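The block underneath contains the structure these notes are about, expressed in structure tokens.
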There are 2 protein chains.
Amino acid sequence: MHFYFNLKAGQPLYLQLSQQIRHAVETGALRPGDQLPGIRTLAEQLVVSAATVAKAYSLLESEGVLELRHGSGAFLAVGLKPLKHVENARARVRAVVARLREEGLEDDQIRRLFEAELLYQTEKAAGR
Amino acid sequence: MHFYFNLKAGQPLYLQLSQQIRHAVETGALRPGDQLPGIRTLAEQLVVSAATVAKAYSLLESEGVLELRHGSGAFLAVGLKPLKHVENARARVRAVVARLREEGLEDDQIRRLFEAELLYQTEKAAGR
DNA sequence: ACTGCTGTATTGTTACACCAATACAGTTCC
DNA sequence: GGAACTGTATTGGTGTAACAATACAGCAGT
């Protein structure tokens, strides 16, 4: 597994990382019981500090996604299963993003489009 | 116009606001020459500090989206035009998001799905 | 001119993200 | 036992986000 950062996002790096790991589990790219790279190793790969990776791991542990075994390493919690509906949705999302790009939309415009849609529908549900 | 914040996003409020204004321009919800609410007025509506709104406005001005007239107010730059291809893409995005929700996906899962897709394709283009 | 609106600027405070560096404490293996 | 790996914890520093509170300065209407 390799991860990327969006440095212009304004979103904390440790959050971006934890979300990407979560996503890898949901799509089956990472499987329950798998061992993740060590704090320092991954930090070096991503060119961030070890504390940042530790924070991401620690967050995932508190969410039940990771099991941190002091002295041994970080392992994906057993009992997690890839979510088939997420896995299936990937093709659809990929197609839409490709299509939007063909139409000349910038990544940021695509992000705003989706974020607006998500916010809109949740706020509508909340009765605004 | 009314705006919302995603407090769990980890993204700065002033960025969220500026992006929503940008989006409103792109989709035609706000038009060139339109006057935006005053710093203090909008801050009260959104329950944030006036400095946060000022920061968002100031950012948009530096990007050429807003024209800040000291003493008069904030106006959308003339010479901006709604982007038809963004406007058209909205329906497609709305349909996909609705579909994903019907399939039982959480908002966060949808966000991860799209962010992963956007990151993946840009990094692929960069030759990783 | 005055009043009331605008954006602008400053100060000070709190909290957090991120970093580097270091030490500490479990685990595994030779 | 000792070496080499793990995660954990602490310290100290930098930069930014966000707040409150205040003052300043431009513009418009009465």
Side-chain angles (χ1 to χ4, degrees), chain A residues 1 3-22 30 32-78 115, chain B residues 1 3-22 30 32-78 115:
Chain A
M1 274 312 286
F3 306 101
Y4 315 108
F5 289 120
N6 179 1
L7 297 176
K8 298 178 294 186
Q11 201 186 25
L13 302 181
Y14 80 96
L15 273 185
Q16 291 189 37
L17 175 56
S18 66
Q19 283 167 9
Q20 286 180 38
I21 294 172
R22 250 191 180 290
L30 290 176
D34 277 1
Q35 180 167 13
L36 290 185
I39 298 281
R40 299 164 181 81
T41 310
L42 186 51
E44 194 182 3
Q45 279 180 29
L46 300 177
V47 197
V48 297
S49 82
T52 300
V53 177
K55 199 166 183 179
Y57 278 14
S58 164
L59 175 62
L60 289 171
E61 185 189 35
S62 77
E63 291 173 341
V65 177
L66 263 184
E67 188 181 335
L68 296 178
R69 304 199 200 120
H70 188 172
S72 303
F75 301 84
L76 289 173
V78 295
E115 195 53 41
Chain B
M1 275 311 289
F3 306 101
Y4 315 107
F5 289 121
N6 178 2
L7 298 176
K8 296 178 295 186
Q11 203 186 23
L13 302 181
Y14 81 97
L15 272 184
Q16 291 188 38
L17 175 57
S18 65
Q19 283 167 10
Q20 285 179 40
I21 293 173
R22 249 192 181 290
L30 290 176
D34 278 0
Q35 179 166 13
L36 290 185
I39 298 282
R40 298 163 180 81
T41 310
L42 186 51
E44 193 182 2
Q45 279 179 28
L46 300 177
V47 198
V48 297
S49 82
T52 299
V53 177
K55 198 166 182 177
Y57 278 14
S58 164
L59 174 63
L60 289 171
E61 185 190 33
S62 77
E63 292 173 339
V65 177
L66 262 184
E67 190 181 334
L68 297 179
R69 303 197 201 120
H70 189 173
S72 304
F75 301 83
L76 290 172
V78 296
E115 196 54 41

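Throughout, protein chains are lettered first and strands after them, A, B, ... in sequence-line order, and every chain is numbered starting at 1. These numbers come from a predicted model, not from an experiment. Hydrogens, waters and symmetry mates play no part in the numbers below; they use all other heavy atoms, side chains included.
The rotation axes computed at either terminus of the helix from C:dA1-D:dT30 to C:dC30-D:dG1 lie 10° apart, taking five pairs at each end and rounding to 10 degrees.
Between A:Ile39 atom CD1 and C:dG26 atom C1' the separation is 14 Å, expressed in whole Å. The interatomic distance linking A:Leu15 (CG) with C:dC16 (C1') rounds to 11 Å, in whole Å. At whole-Å resolution of the value, CZ in B:Arg69 and C1' in C:dC5 are 15 Å apart. The interatomic distance linking B:Glu67 (CD) with C:dG7 (C1') rounds to 13 Å, in whole Å. When the C1' atom of C:dA17 is taken as reference, atom CG of A:Leu17 falls 14 Å away, rounded to whole Å. Regarding B:Gln35, its CD atom lies at a distance of 12 Å from the C1' atom of C:dG7, rounded to whole Å. To the nearest angstrom, C1' of C:dC18 lies 16 Å from CG of A:Leu42.
Between C:dT28 and A:Ser72, a contact under 4.0 Å exists linking OP1 or OP2 to a side-chain N or O.
Note that the CD atom of A:Glu67 and the OH atom of A:Tyr57 stand 14.0 Å from one another [nearest 0.5 Å]. Interatomic distance, A:Leu46 CG to A:Thr52 OG1, rounded to the nearest 0.5 Å: 9.5 Å. Atom CG of residue B:Leu36 and atom OG1 of residue B:Thr41 lie 11.0 Å apart, to the nearest 0.5 angstrom. Here the CD-CG distance, from B:Gln16 to B:Leu7, works out to 7.5 Å after rounding to the nearest 0.5 Å. Note that CZ of A:Arg22 and CG of A:Leu66 are 10.0 Å apart. Values are rounded to the nearest 0.5 Å.
A heavy-atom distance below 4.5 Å is not found between the side chains of A:Asp34 and A:Met1. Side-chain contact between A:Leu13 and A:Leu17 is absent, with no heavy-atom pair separated by less than 4.5 Å. Inter-residue side-chain proximity for A:Tyr14 and A:Val48 is flagged as unmet; no heavy-atom pair is nearer than 4.5 Å. Contact check for A:Leu42 versus A:Phe3: side-chain heavy atoms found under the 4.5 Å cut-off.
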- Determine, step by step, whether B:Leu59 and B:Lys55 satisfy the side-chain contact (heavy atoms from CB on, under 4.5 Å) criterion, reporting the C-alpha distance in whole Å, the side-chain angles of both residues, the deciding distance to 0.1 Å, and the verdict. CA-CA 6 Å; B:Leu59 174 63; B:Lys55 198 166 182 177; 6.0 Å; no
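Boundaries of the chain A contact region on DNA chain D are D:dT6 to D:dT8, first to last in 5' to 3' order (nucleotide atom under 4.0 Å from a heavy atom).
Here the side chain of A:Tyr14 is nearest to one of C:dG7, C:dC18, C:dA25, namely C:dC18.
Around atom CD of A:Glu44, no more than 12 heavy atoms belonging to other residues, nucleotides or ligands sit under 6.0 Å away.
The stretch residues 50-61 of chain A does not touch DNA chain D, since none of its heavy atoms comes less than 4.0 Å from the strand.
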